[in-house]
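It should be emphasised that the depicted structure is a prediction, and the values quoted were computed from it without experimental measurement.
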Amino acid sequence: MNRLPLTIAGTNPIRVIYLMTLFGLVLSGFAQMPIFKRYYIADIPGLGWLAQFYVTHLIHYLAAIIFIGISAYLLVDYLMVRRKQIRLSGSGYLRAGLLAGLLMTGIMLVIRNLNGVILPSGLIIFLDLAHLGLVMVFLFTAVTCLMLKKRWTTTR
Amino acid sequence: MQTKISRRSFLKGGVAAACSVAATSVPAVAKTTEKGQQLATLIDVRKCVGCEACVEACQESNVAKFPQPQKPFPKMIPNRVPVEDWSDKKDVTHRLTPYNWLFIQHATVDINGEETELNIPRRCMHCSNPPCVKLCPWGAAKQMSNGTARIDSDICLGGSKCRQVCPWKIPQRQTGTGLYLDLLPSMAGNGVMYKCDRCYNRVAAGHAPACIDACPEGVQTIGPRNEIIAKANAIANEINGYIYGEQENGGTNTIYVSPVPFEELDNAIETGQGRPHLKAVSDQMADGNNLAAAMLIAPLAGVAAAVGKLYKNVKKTEGKEIN
């Protein structure tokens, strides 16, 4: 019998794609603010696209599509198969909650961008700030978990 | 018989004409506000004589909204961040500035073999799906339910992303004013972006925007977008003319009608910073919004992959048990 890896994403290519997608989301997400040109980052050869808002907008959407697909795969896989062997750790719940919050606010902002959709301006400001705040907290949590070697899951 | 027109009677007549134009606009504004439809304006390029009454009225009506920058400006870090200061050039009317949200472009064109000068009032197009609003990272640019796109000067940090994503580069920056002065004045932000807000406060009170009220020639008409589009098409059919704004950037709430093609007008006008073009513009938000549809499919694909994997594992286990 094959042993199941003790993490949700395992050590397979999905884990690598998942991490790359998260990196792409964070980078293209921060590029929505006009900072990369101001602080010379877009001047680095090969990074000029970071100052092109429509390009980073599309990359953010593409990365979000991959992120949503993989998240749905991992969630269903966990609920149907891996839940018998592993469970989410405390830090796993925290990170999953933060990602869920990012997903929800992100979806609302995608809806906001559709033609004909006019959301209340107060809600848009809240969504923008919540999306940014959540990613900052997520990055801090992820780095802390990495340093403290906290895993997403533990064995049952 | 020679009719003598005194200055007083001329002014009286002018005011009466302006009031009658305003009176026809007010019901349209009120009707649209009640129904919550998007308001659009129709600009009939043939009628504009370039008198700049609209420019003057715009400045007078919006003077309280204009920036009052604090000097000296904070030192920008890094140095490359440009200071944009129009506070000593408030009387500039030949382009868009933070103190001039509407200006007239002039084009000399050939109509039926006759050299004709056309005047084109230019300001924010108030796109139906405005990139400046949708892509503002802070929500400082807002779209109102009647379609007006405006920038909240209390929140805007002046990063000028709105100008960069605007197909016509309409918003203009004034350094040394706004919220950034209370945050990190040297490190982040650079003032406030300004542009036409279609006199949202006047419209909310049931009045037409100041530029429409002031025009002695009735160049502009305001009303529900579908009615304005129908009117624009009727005029275009009547004069074998052309329409700009109906399709541009997915549709705007400023519709121009001209007797000559807009490519020709674009070649004849002076364009550049603060002087928008009249080129065809594709829907800038379309690619992103097409991808948004793929976001609906993504979770289904993920679930299908997980279920497929489970099915494969079950089959594999069953096969081993049989053997």
S.K.: Select, from B/A188, B/A304, B/S128, the one with the greatest count of heavy-atom pairs under 4.5 Å involving chain A.
M.R.: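 Top option by heavy-atom pairs under 4.5 Å: B/A188.
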S.K.: Out of B/A294, B/A298, B/G250, return the one with the most heavy atom pairs under 4.5 angstrom to chain A.
M.R.: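 The option with the most such pairs is B/A298.
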S.K.: State the OG-CD distance between A/S121 and B/Q143, to the nearest 0.5 angstrom.
M.R.: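 Reported to 0.5 Å precision, the distance equals 11.5 Å.
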S.K.: Any side-chain heavy atom of A/H57 within less than 4.5 Å of one from B/L135?
M.R.: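 Yes, side chains in contact.
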S.K.: In the structure I gave you, are the side-chain heavy atoms of B/M295 and A/I107 within less than 4.5 Å of one another anywhere?
M.R.: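 A side-chain contact is absent here, since even the closest heavy-atom pair is not under 4.5 Å.
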S.K.: Check whether B/V133 gets within reach of chain A through its side chain, its backbone, both or neither, counting any heavy atom under 4.5 Å.
M.R.: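 Only the backbone of B/V133 comes within 4.5 Å of chain A.
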S.K.: For the atom pair CG (A/L62) and CG (B/D287), what is the distance rounded to the nearest 0.5 Å?
M.R.: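 Reported to 0.5 Å precision, the distance equals 10.0 Å.
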S.K.: Between A/A51 and B/Q164, what is the shortest heavy-atom contact and its length?
M.R.: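 Smallest interatomic distance, heavy atoms only, reads O-OE1, 4.5 Å.
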S.K.: Can you tell which part of B/M187 gets under 4.5 Å to a heavy atom of chain A, answering side chain, backbone, both or neither?
M.R.: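 B/M187 touches chain A through backbone and side-chain heavy atoms alike.
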S.K.: Drop me the distance from B/I77's CD1 to A/Y39's OH, to the nearest 0.5 angstrom.
M.R.: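 One finds 7.0 Å between CD1 of B/I77 and OH of A/Y39.
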S.K.: Check whether A/I70 gets within reach of chain B through its side chain, its backbone, both or neither, counting any heavy atom under 4.5 Å.
M.R.: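 When you check distances to chain B, no heavy atom of A/I70 falls under 4.5 Å.
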S.K.: Is it the side chain or the backbone of B/A286 that comes within 4.5 Å of chain A heavy atoms, both, or neither?
M.R.: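 Contact with chain A is absent: no heavy atom of B/A286 under 4.5 Å.
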S.K.: If I take atom CG from residue B/L300 and atom CD1 from residue A/I68, how far apart are they, to the nearest 0.5 angstrom?
M.R.: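 Reported to 0.5 Å precision, the distance equals 11.0 Å.
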S.K.: So which residue, A/L119, A/L123, A/D128, A/I66, ends up with the most heavy-atom pairs under 4.5 Å with chain B?
M.R.: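 Option with the top pair count is A/D128.
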S.K.: Could you go through B/K134 and A/L109, starting from their C-alpha distance and side-chain angles, then the distance that decides it, and tell me whether this counts as side-chain contact (heavy atoms from CB on, under 4.5 Å)?
M.R.: CA-CA 9 Å; B/K134 301 297 176 93; A/L109 288 169; over 6 Å; no
S.K.: To the closest 0.5 Å, what do you measure between CG (B/L291) and CD1 (A/I59)?
M.R.: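 Here the rounded value is 11.0 Å.
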S.K.: Grab the two heavy atoms, one from B/A306 and one from A/D77, that are nearest each other, plus how far apart they are.
M.R.: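 In this case the closest contact between B/A306 and A/D77 is CB-N, 3.9 Å.
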S.K.: Count the heavy atoms of every other residue, nucleotide or ligand shown that sit under 6.0 Å from CE of A/M136, and state whether that count exceeds 12.
M.R.: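 It does not: A/M136 CE has 12 such atoms or fewer within range.
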S.K.: Run the side-chain contact (heavy atoms from CB on, under 4.5 Å) check on A/Q32 and B/K161 step by step: do they pass?
M.R.: CA-CA 9 Å; A/Q32 298 310 305; B/K161 182 182 177 183; 3.4 Å; yes
S.K.: Just checking A/R83: does its CZ atom have more than 12 heavy atoms from other residues, nucleotides or ligands closer to it than 6.0 angstrom?
M.R.: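 Open: at most 12 neighbouring heavy atoms sit under 6.0 Å from CZ of A/R83.
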S.K.: Just so I understand: if I count every heavy-atom pair under 4.5 Å between each of A/I65, A/N113, A/V76, A/I118 and chain B, which residue has the most?
M.R.: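 The candidate making the most pairs under 4.5 Å is A/N113.
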S.K.: With a 4.5 angstrom heavy-atom cut-off, could you sort out which part of A/L132 is near chain B: side chain, backbone, both or neither?
M.R.: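 Looking at A/L132, just its side chain touches chain B.
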S.K.: Sort B/A301 into side chain, backbone, both or neither according to what part of it lies under 4.5 angstrom from a heavy atom of chain A.
M.R.: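 It is neither, since no heavy atom gets under 4.5 Å.
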S.K.: Contact part of A/Y54 toward chain B, heavy-atom cut-off under 4.5 Å: side chain, backbone, both or neither?
M.R.: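 The answer is the side chain of A/Y54.
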S.K.: Under 4.5 Å heavy-atom distance to chain A, tell me which part of B/V81 shows up: side chain, backbone, both or neither.
M.R.: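 Looking at B/V81, just its side chain touches chain A.
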S.K.: In this structure, are over 12 heavy atoms from other groups packed under 6.0 Å from B/K65 atom NZ?
M.R.: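 Yes, because the 6.0 Å sphere around NZ of B/K65 holds more than 12 heavy atoms from other groups.
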S.K.: Quick check on A/Y40 against chain B: is it the side chain, the backbone, both or neither that has a heavy atom closer than 4.5 Å?
M.R.: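 Both backbone and side chain of A/Y40 come within 4.5 Å of chain B.
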S.K.: Can you give me the closest heavy-atom contact between B/P137 and A/P34, atom names plus distance?
M.R.: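 Between these two residues, the closest heavy atoms are CG-CD, 4.2 Å.
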S.K.: Using non-hydrogen atoms only, which part of B/K142 is less than 4.5 Å away from chain A: side chain, backbone, both, or neither?
M.R.: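 Only the side chain of B/K142 comes within 4.5 Å of chain A.
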S.K.: Non-hydrogen atoms of chain A under 4.5 Å away: do they reach the side chain of B/I155, the backbone, both or neither?
M.R.: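 Contact with chain A involves the side chain of B/I155 alone.
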S.K.: Once you round to the nearest 0.5 Å, how far does CZ of A/R112 lie from CG of B/N129?
M.R.: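 Output value for this atom pair is 9.5 Å.
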S.K.: Heavy-atom distances under 4.5 Å only: say whether B/C136 touches chain A with side chain, backbone, both or neither.
M.R.: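 Just its backbone gets close to chain A.
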S.K.: For the residue pair A/R38 and B/S186, what are the closest heavy atoms and their distance?
M.R.: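 Smallest interatomic distance, heavy atoms only, reads NH2-O, 2.7 Å.
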S.K.: Given the options B/G189, B/C127, B/P130, which has more heavy-atom pairs under 4.5 Å with chain A than any of the others?
M.R.: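 Winner by heavy-atom pair count: B/G189.
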S.K.: Heavy-atom distances under 4.5 Å only: say whether A/L114 touches chain B with side chain, backbone, both or neither.
M.R.: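 Interface part for A/L114: both.
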